[in-house]
Amino acid sequence: MIARTRFAPSPTGALHCGVVRTALFAWLMAKQSGGQFLLRIEDTDQKREVEGGTENIKEALRWIGLQWDEGPDVGGPYGPYIQSERLEIYKKYAEGLIAKGLAYADPYSKEELQVMRQKAQAEKRPFLYRDHRPTNPPKWDGTQALRIKLEPKVWSWDDAVMGTVTMGPEMIDDYIIIKADGFPTYNFCHIIDDHLMKITHITRSQEFISSVPKFLATHEVLGWESPINCTMPQVMDETGKRKLSKRYGAKPILDYRDTGFLPEALVNFMATIGWNDGTEQEIYTVPELIEKFSLGRVQKSGGIFDEKRLLWLNGAHIRRLSLDELYPKVEDFWPSSAAKASVDYKKNVLRLVHERLKFFSELPGLTSFFFEEPMLSDTIFSENKQLKKLNADERKAMLTKVAAALERSDFSEADLEARMRPLIDELQTKPGILFGLIRVTVTGSNIAPGLFETLHVLGREKTLTRIKKML
RNA sequence: GGCCCCAUCGUCUAGCGGUUAGGACACCAGGUUCUCAUCCUGGCAACCCGGGUUCGAUUCCCGGUGGGGUCACCA
């Protein structure tokens, strides 16, 4: 079945992985079936709208690779795709309902409703507006809220993920379709839009599942068939105690870009929270996900966002790339001291750290000594288990020999090794001590790529300058 | 509180009546090695509880318990 799916966020802040995971599944369904993925901006709450919200959504989706087939910027046959530009449409349907006696003006103030709600709560029973439904409502003049009239009944439906779900009549109530400020509510307009835009599968996060009877009843009142409801399990934060949400500091998705994550790694990670293909495969490319994704294998229970796993996955995806594929992706992450370095030199450096890179913003810490003289801390020798056994004179004696041997080297990796190895016996020391001493002297760090590769890339001049300076 | 959903290692999960309950992340140990990383080997670690059904339940049913979600003129 060809799926037309949509992602319909409201521009109220930065997009985080919880909502993008739902968008990803919708996108995968569309791509897999040869259908379309739509982006629709749900900006009917002016109070919560955030400056730049829509731009952030588009930027985040583009970075992660969820390009929409219809929506803002790209257009499409059922536009506009921004709800604030569709107000006349919603109004038309609202008026249609009024004419049929299926919608009516709400005569109560917010305060009056609040009192009724509290009373019901105090009596430990659900508050139902329809118990207070006015018998003779005022004519709707656009300054009151407009409510839809829904008949209570038991609703049962097939959810593509959750299976058959049944909810009682208390889940149905007369809800507001147009607010007193003239804007329609999400509950009302997303149904109209999904219908008009010919959406076949509605993906929603689990928090909406108890609203589905309302949506189903609204379809019925409008005389439409409901698309297939696909309720996605929640993504929980690292505590596992609550869903990922802006309110509790869920990381904006673009932060992962800025930290140097690969979008395909993040996609791989998000897809496998709540979905697996039943095999033991862990690492998926995007085309593989498109091929293998299936709604039937989406988990019903929520999953925790485990950043350690993301880190591992990102490293694994980085290691899959060739040097030439990786190089352009790390362009913005080099230390500032690398600004004047040549492409060839930077590629050689990148090759040496390729396998240990977990995310790109580690790059300066891993490579800065290739571009500038390292700062040697006073404790650098005492911190090293092997080197702390040497006193300053012994270090000096060793480095003097090293310098002399290096003077004669052509600085190829093989020649460097051929000249350094014999010094171990000559100086009656161990590889760990001799090589460690050179490493610390030249890189300023106890952690670096292989010594001969490092010296080779660094070159004769930088290497000898640093050793002589130490002497 | 009402309603809904859920329940396998710490985490992501496989399992769909009979398995030594499998894999991955994380963690620990060892190997390779000049450090780190990669890689390899090994280890630790789970079926929430109680009733049924059945020759036999992690698996099916019921009830608890626990967790999450939701009850707005927000989406």
Side-chain angles (χ1 to χ4, degrees), chain A residues 8-10 12 19 42-45 47-48 106 108-110 113-114 117 120-128 144-147 159 162-163 165-168 170-171 173 175-187 190 204-213 231 233-234 236 238 240-243 269 272-283 299-313 315 319 353-358 366 384-387 417 420-421 424 430-440 443 445-452 454:
Chain A
S10 59
T12 53
V19 294
E42 309 225 324
D43 57 343
T44 56
D45 186 352
K47 290 187 285 294
R48 289 206 314 155
D106 182 348
Y108 303 112
S109 68
K110 281 184 195 176
L113 282 170
Q114 194 54 30
R117 231 177 240 116
Q121 199 175 11
E123 291 166 8
K124 300 209 171 189
R125 58 181 170 82
F127 168 76
L128 288 168
Q144 316 101 315
L146 185 70
R147 284 187 187 260
D159 186 287
M162 294 297 168
V165 183
T166 305
M167 292 195 193
E170 65 282 348
M171 290 292 102
D173 200 9
Y175 69 90
I176 290 174
I177 58 175
I178 309 266
K179 294 176 278 185
D181 67 4
F183 278 81
T185 60
Y186 157 82
N187 290 328
H190 91 280
R204 294 192 195 89
S205 174
Q206 195 170 20
E207 68 220 62
F208 289 104
I209 197 165
S210 38
S211 301
V212 172
T231 299
Q234 222 113 50
M236 313 297 286
E238 61 278 7
K241 294 209 176 300
R242 52 178 103 91
K243 64 173 180 169
F269 174 64
T272 50
I273 304 176
W275 172 85
N276 72 85
D277 71 352
T279 71
E280 287 179 354
Q281 184 169 353
E282 304 283 346
I283 298 172
Q299 214 78 2
K300 290 183 181 179
S301 49
I304 291 176
F305 188 91
D306 178 9
E307 216 167 272
K308 285 230 176 89
R309 191 178 148 78
L310 171 60
L311 227 44
W312 166 73
L313 228 27
R319 271 173 260 126
V353 298
H354 190 164
E355 73 186 18
R356 75 200 61 212
L357 210 50
K358 288 225 170 357
L366 254 22
N384 183 302
K385 271 186 196 145
Q386 306 256 42
L387 297 182
E417 181 155 12
M420 291 299 108
R421 289 271 179 207
I424 297 167
K430 292 175 188 165
I433 293 178
L434 179 66
F435 295 163
L437 179 62
I438 303 172
R439 167 175 297 108
V440 167
T443 70
S445 168
N446 286 310
I447 300 168
L451 185 63
F452 308 117
T454 302

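Side-chain atoms are counted along with the backbone in the values below, which use heavy atoms only and exclude waters and symmetry mates. Quick note on labels: first sequence line is chain A, next is B, and so on, each numbered from 1. If you're wondering where the values come from, they're calculated on a predicted model, not measured in any experiment.
Checked against ring pair (Phe, Tyr, Trp, His ring centres under 6.0 Å), A/F183 has no partners two or more places apart in sequence or in another chain. For A/E42, the side-chain hydrogen bond (donor to acceptor under 3.5 Å, both in side chains) partners at least two apart in sequence or on another chain are A/R40, A/Q83. With sequence neighbours left out, the salt bridge (charged side-chain N to carboxylate O under 4.0 Å, His left out) criterion links A/R125 to A/E123. Evaluation of the ring pair (Phe, Tyr, Trp, His ring centres under 6.0 Å) rule for A/Y186 yields A/H190, A/F208 as partners, not counting sequence neighbours.
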What does the list of N/O pairs under 3.5 Å between the protein and nucleotides 3-12 of chain B look like, with a distance for each?
from: B/rC5; atom 1: O2'; to: A/Q206; atom 2: NE2; distance (Å): 2.9
from: B/rC6; atom 1: OP1; to: A/K300; atom 2: NZ; distance (Å): 3.1
from: B/rC12; atom 1: OP1; to: A/I304; atom 2: N; distance (Å): 3.1
from: B/rC12; atom 1: O2'; to: A/T272; atom 2: O; distance (Å): 2.7

So which protein N/O to nucleotides 28-34 of chain B N/O distances come out below 3.5 Å?
from: B/rC34; atom 1: OP1; to: A/R421; atom 2: NH1; distance (Å): 3.1
from: B/rC34; atom 1: OP1; to: A/R421; atom 2: NH2; distance (Å): 3.2
from: B/rC34; atom 1: O2; to: A/R439; atom 2: NH1; distance (Å): 3.3
from: B/rC34; atom 1: O2; to: A/R439; atom 2: NH2; distance (Å): 2.3
from: B/rC34; atom 1: N3; to: A/L451; atom 2: N; distance (Å): 3.0

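Looking at the side chain of A/L113, the nearest of the listed nucleotides B/rC73, B/rC39, B/rC25 is B/rC73.
Residue contacts shown for A/K430 are absent, as no nucleic acid heavy atom lies under 4.0 Å away. At a threshold of 4.0 angstrom between heavy atoms, the contacts of A/T279 with the nucleic acid are absent. The residue A/R319 sits close only to the backbone: its heavy atoms come under 4.0 Å of sugar-phosphate atoms, none of a base.
Between the side chains of A/T185 and A/N187, no donor-acceptor pair of N or O atoms lies under 3.5 Å.
Both A/Q234 and A/R48 lie close to RNA chain B; mapped to their nearest nucleotides by heavy-atom distance, the more 5′-ward contact belongs to A/Q234.
In terms of phosphate contacts, A/K358 brings a side-chain nitrogen or oxygen within less than 4.0 Å of OP1 or OP2 of B/rU38.
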